[in-house]
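Since the model is a prediction, treat every value here as computed from it, not as a measurement.
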Amino acid sequence: NGDKVSIVGDTGSGKSTLCDILMGLFPPTSGKILLDGKDLYASKSLIKGWRYSIAHVPQEQFFSDGNLLENLISSNPEKEIKDSEIKSLLINTKINFVKHDLESLTLKNIGEEGCFLSGGQRQRVSIARAIYRNPSLLILDEATNALDTKTENNVIKNLYNLNRDNSIICITHNHNLTAYSNKILNISNGEVTVENNVF
């Protein structure tokens, strides 16, 4: 709990597949995924609860054909909308292409599948949506690769500071981002090696 883990490796090495297995999407061909000593795939109720505690930002983002606010809160639609929380969310994820008030977010139409947003804007909205869910585990799968270096570093720093007590898994090709993690998993030729990062 609370670990910040970077997963690195060449394209096709199995980084995203490993995260799919960790998320309970399909079982491993060998070995087990243990949560507090319990086999994740031995219990449907355990898998269901585990999935509910996770927020995942995939490489391909998905959006509804609605306004920006609807898309931001879609990860937790039952939650009471608080202006201060939304504003903090926008600041921390560097969503600076719209005014930071609920009216502006409601008026901002992002188009079908977010077609009115740039790649970097789409990624920031996806990250903000995941954070709004308040997950115990946040998984970022190349979630900031469309951002410029300065914005990418600021967003990652903010995410790690916001989630000090929660776990983050960051799949990345950018080895500079591993500096924010306390553990690094390197996948190569089907083998996973673990390195403890020294700050």
Side-chain angles (χ1 to χ4, degrees), residues 2-20 22-23 54-63 68-69 71-72 75 85-100 104-105 108 110-111 113-135 137-188 192-199:
D3 273 348
K4 307 299 183 282
V5 181
S6 288
I7 300 180
V8 298
D10 294 336
T11 301
S13 60
K15 301 184 298 295
S16 296
T17 301
L18 174 60
C19 278
D20 287 342
L22 291 175
M23 286 189 289
I54 295 171
H56 176 223
V57 184
Q59 294 182 43
E60 295 294 327
Q61 296 89 33
F62 302 95
F63 302 92
L68 182 53
L69 181 63
N71 278 275
L72 282 173
S75 64
E85 182 180 1
I86 296 295
K87 184 175 181 178
S88 176
L89 188 67
L90 299 174
I91 291 171
N92 283 306
T93 53
K94 301 298 178 183
I95 295 179
N96 52 12
F97 51 88
V98 64
K99 289 182 179 179
H100 290 177
S104 296
L105 295 174
K108 178 70 173 177
I110 66 170
E113 289 297 342
C115 63
F116 296 157
L117 301 177
S118 69
Q121 290 172 341
R122 287 165 57 92
Q123 286 190 333
R124 281 172 280 172
V125 172
S126 294
I127 292 169
R129 178 170 54 194
I131 294 299
Y132 188 73
R133 185 182 173 98
N134 193 28
L137 172 63
L138 174 64
I139 297 178
L140 306 169
D141 190 350
E142 298 287 356
T144 57
N145 59 5
L147 303 179
D148 63 83
T149 301
K150 182 179 178 181
T151 303
E152 182 178 40
N153 278 283
N154 285 334
V155 168
I156 292 295
K157 270 194 238 181
N158 289 342
L159 288 180
Y160 281 38
N161 286 330
L162 282 172
N163 293 273
R164 289 185 182 276
D165 297 327
N166 297 332
S167 302
I168 295 178
I169 294 176
C170 181
I171 301 173
T172 181
H173 282 100
N174 184 352
H175 285 264
N176 291 330
L177 295 184
T178 63
Y180 302 107
S181 299
N182 64 301
K183 290 181 181 176
I184 301 170
L185 272 60
N186 197 315
I187 303 180
S188 180
V192 180
T193 57
V194 182
E195 174 186 336
N196 288 317
N197 210 8
V198 179
F199 295 96

Test item: side-chain donor near acceptor, [X] and [Y], under 3.5 Å:
X: S16; Y: D20; value: no
X: D3; Y: S167; value: no
X: T151; Y: D148; value: yes

Exercise. Is there a side chain to side chain contact (heavy atoms under 4.5 Å, CB included) between V8 and I184 once you walk through the steps?
Worked result: CA-CA 7 Å; V8 298; I184 301 170; 4.0 Å; yes

Of the non-hydrogen atoms in [X] and [Y], which two are nearest, and what is the gap between them?
X: A146; Y: Q123; value: N-OE1, 2.9 Å
X: K15; Y: G9; value: NZ-O, 3.0 Å
X: L147; Y: G120; value: CD2-O, 3.4 Å
X: K99; Y: S104; value: CB-OG, 3.3 Å
X: K4; Y: R164; value: NZ-O, 3.4 Å
X: V5; Y: S181; value: C-OG, 3.7 Å

[X] versus [Y]: any side-chain heavy-atom pair under 4.5 Å?
X: I187; Y: T193; value: no
X: V125; Y: I110; value: no
X: E142; Y: V57; value: no
X: I156; Y: L140; value: yes
X: I7; Y: I169; value: yes

I'd like to know if the side chain of [X] reaches the main chain of [Y], judged simply by a donor and an acceptor atom lying under 3.5 Å from each other, with no hydrogens or angles considered.
X: E113; Y: G111; answer: no
X: R122; Y: L117; answer: no
X: K157; Y: Y180; answer: no
X: H100; Y: I95; answer: yes

Exercise. When you look at CG of D10, are more than 12 heavy atoms from neighbouring residues, nucleotides or ligands closer to it than 6.0 Å?
Worked result: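 No, CG of D10 has 12 or fewer neighbouring heavy atoms, counting only those of other groups under 6.0 Å.
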
Exercise. Are more than 12 heavy atoms from other residues, nucleotides or ligands located less than 6.0 Å from atom CG of D165?
Worked result: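 Open.
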
Between atom [atom1] of [X] and atom [atom2] of [Y], what is the distance when rounded to the nearest 0.5 Å?
X: F116; Y: Q121; atom1: CZ; atom2: CD; value: 12.5 Å
X: N153; Y: L177; atom1: CG; atom2: CG; value: 6.0 Å
X: I168; Y: I139; atom1: CD1; atom2: CD1; value: 11.0 Å
X: I54; Y: L138; atom1: CD1; atom2: CG; value: 10.0 Å
X: I171; Y: C19; atom1: CD1; atom2: SG; value: 3.5 Å
X: N92; Y: K87; atom1: CG; atom2: NZ; value: 12.0 Å

For this session: Give me the one residue out of T93, I127, L72, I86 that meets side chain to side chain contact (heavy atoms under 4.5 Å, CB included) with Y132.
Result: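 Of T93, I127, L72, I86, side chain to side chain contact (heavy atoms under 4.5 Å, CB included) with Y132 is met by I86 alone.
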
For this session: Determine, for F63 and R129, whether the Lys NZ or Arg CZ falls below 6.0 Å from the six-membered ring centre while staying within 45 degrees of the axis.
Result: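 Judged by the rule, R129 and F63 form a cation-pi pair.
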
Exercise. Please walk me through it: do N166 and L137 pass side chain to side chain contact (heavy atoms under 4.5 Å, CB included)?
Worked result: CA-CA 6 Å; N166 297 332; L137 172 63; over 6 Å; no

Exercise. Could you go step by step and tell me if H173 and T11 meet the side chain to side chain contact (heavy atoms under 4.5 Å, CB included) rule?
Worked result: CA-CA 8 Å; H173 282 100; T11 301; 3.4 Å; yes

Exercise. Can you name the one residue among N145, T172, N174 that meets side-chain hydrogen bond (donor to acceptor under 3.5 Å, both in side chains) with E152?
Worked result: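 Answer to the side-chain hydrogen bond (donor to acceptor under 3.5 Å, both in side chains) test with E152 among N145, T172, N174: N174.
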
Exercise. Hey, mind stepping through F97 and L68 against side chain to side chain contact (heavy atoms under 4.5 Å, CB included) and telling me if it holds?
Worked result: CA-CA 11 Å; F97 51 88; L68 182 53; 4.2 Å; yes

